[in-house]
Amino acid sequence: MFAARKLLGLVGVLLMTAALTLAPGPAGAEEVTFTSDGTRLNGTVFAPPGTGHRRPGLVLVSVSGWLPREELHKMVAPFVEAGVVTFVYEKRTAGYSATQRSYSQLADDALAAVRLLRARPDVDPDRVGLWGISEGGWVAPLVAARSPEVGFVVLLAASGVQPARQTAWHLDNLLRHDGVSGPLALNGVRLAEGLGQFPEAAFDPAPALTRVRQPVFAVWGADDHTVPPAESMAVVRNALEQGGNHDYTMRVVSSATHPLARGTTWIVPEFYDLVTAWLKSPKAAGRSDAPPSQERTSLPVEPHTWYESAWAQGGALLLMAVLFSAYLGAGLVGRRRRRRAAAAWGPEGAQQGPERDPGMRRTARLLAVCGLLAPLGLVCYVVALLLTQSTGAVGGVVVPYLALRGVVLLAVAAMAFVAAAWWRARRHITRAERVRLGLLLGGGAVLLPWAAYWGLLFG
């Protein structure tokens, strides 16, 4: 189901490998290698010109997936210019993919990177911190809670809710933006999680945040539609307060999306100005902005009823595939028999069954074909959304969604026509025809509640 997603991960690895050999590093860049959990990782340390004094250090814990090295260089350049020694390292490939990852393991990698930076002679070991962006916002607090070697934590567009819940909220925003409403996003994420295809889906960031004792600087964009900003801000604040950590600063940047993007600028300059000023005295009492406006609250993803489970949804897909395919298959096998039976039709059609009506046959085949296309189309649609949600690149979703709904509504209309024709000619049909039509309408009986659950009938 997620083979395409794994392929995209492989492409990302190849792009990263190419970037390592082709992307030129800025002045002061030093290529380094370190080991974490037996895995060798490469990275680049960017050091500003020496002044004879030890500088603060910053380790970047990046977004989900793999970014080309040059993109990471661009992100840290303003900090280097401000006199901060910054470390960018490759995300591991072993144990990290679209369907497999461990935030605890990623935290081990980040801690190893912190230790490498602390050991440098141009870095003040007591002022080495972590900068977690998006997915890195789940990882960075784990590292800080684990080790006092982390001096401070900077969170950019960090989610305070579980990954599955955040993804469902993000997908719903993308769909609504293109005019698609309903339960499709939430149910799609629920199905992926139930099938075990959503790694770390239920990870709760709050427990790690309650154990963070270091100063925390957290920033969200007011117009972030990927991470629920108001909810996340509340979760981070409440968790830190619950753990007794009052040394935090929380800011909201107006007109900024995810991760603090505005227009063609991915991370707005205001972010670097805010963090650089804070780094001069991270233990000073901070300030917190008012939470931004958030149109909708995110919803939990856990199944609430038996029919929402992956087993029930998978069973419905399998049952529809079997019933509709059996109707078409029986038709191919019995074609010769139907031709012999056609020779016995009377001129008035007294013995004509519904399947001997050409219009009826075409409508029945239409129902079977639509009944097969609808589940297949939905699976492809949901997979495409999940594949692209991490980049926010979902666009033009209305046309495939409307096509999918059209197939479902066409199947419903065809089912009503077939059922009515069967009832009218119920006294003149053969046992074989009853079996075939039973298979067909049985598939339709499963299709109706399934389509209603996915929001394909109404709305």
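If you're wondering where the values come from, they're calculated on a predicted model, not measured in any experiment. Numbers here are sequence positions counted from 1.
- Of the N and O atoms on the side chains of Thr257 and Asp223, not one donor lies less than 3.5 Å from an acceptor on the other residue.
- Remark: the backbone N or O of Arg296 is paired with a side-chain donor or acceptor of Trp169 at under 3.5 angstrom.
- Across all non-hydrogen atoms, the minimal contact from Gly377 to Leu404 is C-CD1, 3.9 Å.
- Side-chain polar atoms of Ser104 and Arg146 form a donor-acceptor pair below 3.5 angstrom.
- With rounding to the nearest 0.5 angstrom, the OG atom of Ser64 is 4.0 Å from the CZ atom of Arg101.
- Heavy atoms only, all atoms of each residue included: Ala168 and Ala185 are closest at O-CB, 3.8 Å.
- With Tyr401 as reference, Leu456 is the one residue of Leu456, Leu378, Leu175 to meet the side chain to side chain contact (heavy atoms under 4.5 Å, CB included) rule.
- For residues 265-275, the pairs satisfying side chain to side chain donor-acceptor pair (under 3.5 Å) are Arg262-Glu270, with sequence neighbours left out.
- For the ring-ring contact (aromatic ring centres under 6.0 Å, His included) test with Trp131, the passing option among Phe271, Phe152, Trp278 is Phe271; the others fail.
- Side-chain N/O atoms of Gln166 and Ser298 include no donor and acceptor closer than 3.5 Å.
- Side-chain contact between Val301 and Glu193 is present, with heavy atoms from C-beta onward closer than 4.5 Å.
- Under the 3.5 Å distance criterion, with hydrogens and angles disregarded, a donor-acceptor pair is assigned to the side chains of Thr44 and Glu31.
- Proximity of His258 to Val227: side-chain heavy atoms (C-beta onward) are separated by under 4.5 Å at one or more points.
- We find the CH2-CG distance between Trp311 and Leu195 to be 9.0 Å, quoted to the nearest 0.5 Å.
- Checked by atom type and distance alone, the side chain of Asn245 pairs as donor or acceptor with a backbone atom of Val212 at under 3.5 Å.
- The line from CG of Leu299 to CG of Asp172 is 8.0 Å long, rounded to the nearest 0.5 Å.
- Side-chain polar atoms of Tyr89 and Asn42 form no donor-acceptor pair below 3.5 angstrom.
- Checked against a 6.0 Å centroid threshold, the rings of Tyr248 and Phe217 do not count as neighbours.
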Derivation of the salt bridge (Lys or Arg N to Asp or Glu O under 4.0 Å) call for Arg54 and Asp122: CA-CA 5 Å; Arg54 288 178 176 259; Asp122 57 344; over 6 Å; no
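- From Leu409, atom CG reaches atom CG of Leu457 across 6.5 Å, with rounding to the nearest 0.5 Å.
- At distances below 3.5 Å, not a single donor-acceptor pair connects side-chain atoms of Gln313 with backbone N or O atoms of Ser309.
- Contact detail for Ala158 and Ser232: the closest heavy-atom pair is O-CB, 3.4 Å.
- Taking the six-membered ring for Trp and the full ring otherwise, the centers of Trp450 and Tyr307 sit at least 6.0 Å from each other.
- Between the side chain of Glu308 and the backbone N or O of Thr305 there is at least one donor-acceptor pair closer than 3.5 Å.
- Side chains of Thr39 and Arg92: a donor on one and an acceptor on the other come within 3.5 Å.
- In this structure, CG in Leu260 is found 11.0 Å from OG in Ser255, a value given to the nearest 0.5 Å.
- Among residue pairs with one or both ends in residues 92-129, those qualifying as ring-ring contact (aromatic ring centres under 6.0 Å, His included) are Trp66-Tyr96, Tyr103-Trp138, Tyr103-Phe203; sequence neighbours excluded.
- The pair Glu135-Lys91 meets the salt-bridge criterion, since a charged nitrogen lies less than 4.0 angstrom from a carboxylate oxygen.
- Side-chain contact annotation: Asn173 with Arg176, donor-acceptor N/O pair under 3.5 Å absent.
- Closest of all the heavy-atom pairs between Pro207 and Asp204 is CD-O, 3.2 Å.
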